[in-house]
Amino acid sequence: DEPGDDKAAAFKKRLADVDATAETARRAAALAQASGLAERVERGHLLLKLGRRGAAEATFTALRREHPGDARPLTGLASLA
């Protein structure tokens, strides 16, 4: 191993993490105007992944009100616990 290889590998990993977070944020933004249940549930989970717990909770709560017979919003809320 060359000096600095560990730092280069760590930097490469960090860049990959930033890219993945940016892609998650882009997908969540793209779903902001979605009207379908599945897309809105996905957005809620993406918001959770991004650390936006309040926005995720609001999304799942609204979906639970709109779709009381569907378990997906409830499981989204459960993942907040």
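Every heavy atom of this structure was used, including side-chain atoms; hydrogens, water molecules and symmetry mates were not. All values reported here derive from a predicted model rather than from experimental measurement.
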Colleague: Please collect all ring-ring contact (aromatic ring centres under 6.0 Å, His included) contacts where either partner lies in residues 61-81, sequence neighbours excluded, each pair once.
Modeller: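 Qualifying pairs, neighbours excluded: none.
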Colleague: Between side-chain atoms of residues 14-21 and protein atoms elsewhere (two or more places apart, or another chain), which donor-acceptor pairs fall under 3.5 Å?
Modeller:
residue: Asp17; atom: OD1; partner: Lys13; partner atom: NZ; Å: 3.0
residue: Asp17; atom: OD2; partner: Lys13; partner atom: NZ; Å: 3.2
residue: Thr21; atom: OG1; partner: Asp17; partner atom: O; Å: 3.1

Colleague: Among pairs that include at least one residue of residues 72-81, which meet side chain to side chain donor-acceptor pair (under 3.5 Å), considering only residues two or more places apart or in two chains?
Modeller: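 Sorted result for residues 72-81: Asp70-Arg72.
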Colleague: Going by atom type alone, with no hydrogens or angles, which donor-acceptor pairs under 3.5 Å involve a side-chain atom of residues 45-62 and a protein atom two or more places apart or on another chain?
Modeller:
residue: Arg53; atom: NH2; partner: Leu80; partner atom: O; Å: 2.3
residue: Thr59; atom: OG1; partner: Ala55; partner atom: O; Å: 2.9
residue: Thr61; atom: OG1; partner: Glu57; partner atom: O; Å: 2.7

Colleague: Sub-3.5 Å donor-acceptor pair from the side chain of Arg43 to the main-chain atoms of Ala28, do we have one?
Modeller: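 Here the side-chain-to-backbone pair exists.
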Colleague: Filter on side chain to side chain donor-acceptor pair (under 3.5 Å), then keep only pairs touching residues 29-41, sequence neighbours left out; what's left?
Modeller: Arg40-Glu66
Colleague: Tell me every residue that passes side-chain hydrogen bond (donor to acceptor under 3.5 Å, both in side chains) with Glu23, counting only those two or more places apart in sequence or in another chain.
Modeller: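 Counting only residues at least two positions away or on another chain, Glu23 forms a side-chain hydrogen bond (donor to acceptor under 3.5 Å, both in side chains) with Arg26.
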